[in-house]
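The figures that follow rest on heavy atoms only: side chains count, while hydrogens, waters and symmetry mates do not. Every chain is numbered from 1 and lettered A, B, ... according to where its sequence line falls, protein lines coming before strand lines.
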There are 2 protein chains.
Amino acid sequence: MENVMPHWLEQRAFLTPDRVALETEAETLTFRDMNKRARSLAAYLNQQHGIKSGMTVAFLQENTVELILSYYAVSYLGAIAVPLNIRLSAPELTWQLQDSEATLLLYDERQQQKVVAMDIPSKVERCHINNIAYEEIVHSESLKSEINMDDPHTIIYTSGTTGKPKGVILSYKNHWGSAIGSVLNLGLTVNDKWLACVPLFHVSGLSILMRSVIYGMTVRLHRNFDPVEVHQAIMKQGVTVISVVTAMFTKMMELLEGNSYPETFRCMLLGGGPVPQPLLKSCIDKNVPVYQTYGLSETASQIVTLSPEYMVSKAGSAGKPLFPSQIKIVDEQGQEVGAKREGEIVVKGPNVTSGYFKRPEANQKAIKEGWLHTGDIGYLDEDGFLYVLDRRKDLIVSGGENVYPAEIEAVLLMHPSIEEVGVVGMKDEKWGRVPCAFIKVRPGAPYTDSDLQMYCRDYLAKYKVPQRFITIDELPRNASRKLLRRKLVERLPKELQ
Amino acid sequence: MENVMPHWLEQRAFLTPDRVALETEAETLTFRDMNKRARSLAAYLNQQHGIKSGMTVAFLQENTVELILSYYAVSYLGAIAVPLNIRLSAPELTWQLQDSEATLLLYDERQQQKVVAMDIPSKVERCHINNIAYEEIVHSESLKSEINMDDPHTIIYTSGTTGKPKGVILSYKNHWGSAIGSVLNLGLTVNDKWLACVPLFHVSGLSILMRSVIYGMTVRLHRNFDPVEVHQAIMKQGVTVISVVTAMFTKMMELLEGNSYPETFRCMLLGGGPVPQPLLKSCIDKNVPVYQTYGLSETASQIVTLSPEYMVSKAGSAGKPLFPSQIKIVDEQGQEVGAKREGEIVVKGPNVTSGYFKRPEANQKAIKEGWLHTGDIGYLDEDGFLYVLDRRKDLIVSGGENVYPAEIEAVLLMHPSIEEVGVVGMKDEKWGRVPCAFIKVRPGAPYTDSDLQMYCRDYLAKYKVPQRFITIDELPRNASRKLLRRKLVERLPKELQ
């Protein structure tokens, strides 16, 4: 039998119409309000742009009410949302837009310049979401009243170690599995209010939205991360849960100095890599309920979480899987290894993607018998706690964004002055790590660091542009001429390694 | 792809081994303890009785640790649990045992006499659960590490308006859907402790057990409902949630007189029919958080729940469906009717059974395109709140147990002195309603009320035995000679109607 559910927003607006769905600086929307506006936008997109079931619709929007409405409207039509990272360069965005086969690009006023710079195929319609009057549109009959849980909800692009980014398909079932796994771990009260200051175009922000509609929970939405505003929201606005990455967390702990959060603040969900020990210690002193997590776009956000009670005894661990999910460590032959043995982290569960959009080969390689091979390296201790040693080969996590060396290297190799290049992450106080490029320059070719940075900026998001260039005579390679990026890291000054 | 999950108890014991799973007067078990004992019992049942995947195992047990272990052990083997109602008569039990095709009957010390009285086929093995030493058994390899969500977990017998009881098949998916729908409505905290004083052989008690393992929540188990003990447990033992039926609720409100429950007590989940208005009013005065519910064995417990904030404004209503579930009201042609129009209640959702055991005809009649026809009559108001008017045709709800007139009538018709009979419910202060039989006696045939009661007792559970017999010259019937039980109700004294 089909695995169906009532449409989440429709059901939520029916069950708890008067609960607050969203709170921003400017406005407060109940689930009834949200539903009314989302249905009108859906009807508009259907009538004006012909959006219907199975089509993909790309978003280029900041954290605003309109982005949330876009997600719900597209879902009401049975179409698939493709949230694009607004920090990407125009060429990067163009590529993802085309790969996703989007028929419509929904963008907001702040992204207009970028849209102009993009090379958008003529068949892709554009819609400036702040310029349309959809609120009075009569509801269309084409709105879904039920969800088929196996249908795709989102395609989220993620870069890999090699080649172009891949679109991770996340079904309703994946988002549901994630939200349910989270609630069974973190609990739920009627007073919960989750602060979203991470981007809604990433799975970390999107998953907050999914929890909101499934739990009937208020989201407090910030346009971006402003540490003082976030601090104030926790201290005075009744925020009970927040999602942050390490760089944000550090700032927040500075602001908390000598103070503590209200008792109702019950969860700081912390992703994006390990937390320095001294910082963790200060959390214990200040009684901050930190839940460290490990997750991927492919797992619809967190899949492994460490409860605060293990913060000290299992320091450095990402924790245990959520209830419906499983992890194991395998060797290169795919065989499970014992406790304390390093290997690849593989994961399984209702929250795990069934595959990448139009990538049968990548899917065959990554997903075996329901187990997703993450490419990340780690081990389990004797109690089954996960320790992540290396994010996917050479991944640089910079302020919560994933940066893949291969992508940056590909751009620099197109520059006429550069013969060879290897990119690694170097330590940075603010962002955790930032890219650094080792370059072999063609004999006598002209270049300056700022030239190269401007060149990169044409193709890459700002956070991917190397902050330092180091010349090198020969790049370290193995016998089969494969670049050994770890050897490059060793050449960095000690304090930057 | 298969819809699988790690085995719930195994996963729970892995994730939160030290949390308390069960608390009784005599002992306290963590999830680690529970898992260890359940695995040993599973190994025992596999090795000594050959229980394996797909087999059915009947339970005839009270609310004890052993019954809980039986559920988990049978699940570990991929076998199906058939919990029998210990209040049924030996012939009733024999019939269900045979219909379920059970290969083993697991009973406890208090049921020995009943087992002796049953006519158990020789191929059904018997196991006195208090007499076996299973705790040191080495774990068998035949224990499941994963659950297929579509597999059956339980077969629970339920009587219908006509004919023999039917076995409702409840899959893991059904129990999961029920537990998740409930947590999204009621919330969850790490301090939750759910008091089970309703029978674990009913879906109301079993669903508490399912929530316990899925949520990682403590169950406080009482052998039966003793109002003073329950009162004490809420006042002093940290109970936060309890499931009760109306008759129990009345007793508890008497004991609470002039007092109130601790603030941490957050939910009184109340099933088994509407609550008298004066009683509800006293709850408001005493600040008792009552959640009225409507549910069936077929929906793996509650499917519709009324939150306390609507207790007054929607008095008499059973509430709105749980988040993953849907209800509608249909007319005799199966067409959905508008607000405030009476009709049959039909339900849909992940918690709804896929059908009855070995009853293709009943299934075809009851389940259409995923919608289960409950046979209950009700309407939805303009806000979508459900009002239940009549439980399945002529159903008598007596102290939370369902009593079907047809079953009692069939027994009385076998008595040589009785020519015709019609059974209805009459009001009872303690039980809500109890059966009353209108009988047409054969001319000159001898009988006394106590004769007839003793006769019934041979075939029927005690709570099904009519408490009063009223002679009648002619039973009211319609043109096609169908008994009109409602006309009989009108013949009862006003105060008993």
* Asked: Do Arg220(B) and Trp194(B) meet the cation-pi criteria used here (NZ or CZ under 6.0 Å from the six-membered ring centre, within 45° of the axis)?
  ->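 Pair Arg220(B)/Trp194(B) does not count as cation-pi.
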
* Does any heavy atom of chain B fall under 4.5 Å from the side chain of Ile180(A), the backbone, both, or neither of them? ->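 Side chain of Ile180(A) only, per the 4.5 Å heavy-atom cut-off to chain B.
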
* Proximal component of Asp383(A), with respect to chain B [non-hydrogen, under 4.5 Å] ->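 Only the backbone of Asp383(A) comes within 4.5 Å of chain B.
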
* Choice from Leu184(A), Asp192(A), Thr189(A), Val190(A) maximising heavy atom contacts with chain B below 4.5 Å ->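 With the most close heavy-atom pairs to chain B, the winner is Leu184(A).
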
* For Asn185(B) and Ser182(B), what are the C-alpha separation, side-chain angles and deciding distance, and is it a side chain to side chain donor-acceptor pair (under 3.5 Å)? -> CA-CA 5 Å; Asn185(B) 189 39; Ser182(B) 181; over 6 Å; no

* Asked: How would you list all residue pairs meeting salt bridge (charged side-chain N to carboxylate O under 4.0 Å, His left out) that involve residues 317-328 of chain A, not counting sequence neighbours?
  ->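 As it turns out, there is no salt bridge (charged side-chain N to carboxylate O under 4.0 Å, His left out) pair with a partner in residues 317-328 of chain A once direct neighbours are skipped.
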
* Side chain of Asn174(A), backbone of Val352(A): donor and acceptor closer than 3.5 Å? ->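 Indeed, once roles are kept as given, a pair shorter than 3.5 Å links the two residues.
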
Distance-only donor-acceptor hits, side chain of residues 6-14 of chain A, under 3.5 Å, sequence neighbours excluded:
from, atom 1, to, atom 2, distance (Å)
His7(A), ND1, Leu9(A), N, 3.3
His7(A), NE2, Ser75(A), OG, 2.8
Glu10(A), OE1, Asn35(A), ND2, 3.2
Glu10(A), OE1, Arg39(A), NH1, 3.0
Glu10(A), OE1, Tyr76(A), OH, 2.9
Gln11(A), NE2, Leu322(B), O, 3.3
Gln11(A), NE2, Phe323(B), O, 2.9
Gln11(A), NE2, Ser325(B), O, 3.0
Arg12(A), NE, Val213(A), O, 3.0
Arg12(A), NH1, Thr16(A), OG1, 3.2
Arg12(A), NH2, Ile214(A), O, 2.8

* **Under the side-chain hydrogen bond (donor to acceptor under 3.5 Å, both in side chains) test, residues paired with Lys348(B) that sit two or more places apart** =>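 Once residues adjacent in sequence are excluded, the partners of Lys348(B) under the side-chain hydrogen bond (donor to acceptor under 3.5 Å, both in side chains) criterion are Glu146(A).
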
* Asked: Residue by residue, which of residues 300-310 of chain A have a heavy atom closer than 4.5 Å to a heavy atom belonging to chain B?
  ->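 Expected list: none.
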
* To do: May I ask you to say whether Arg32(B) pairs ionically with Asp18(B), meaning some side-chain N is under 4.0 Å from a carboxylate O?
  =>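 So Arg32(B) pairs with Asp18(B) through a salt bridge.
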
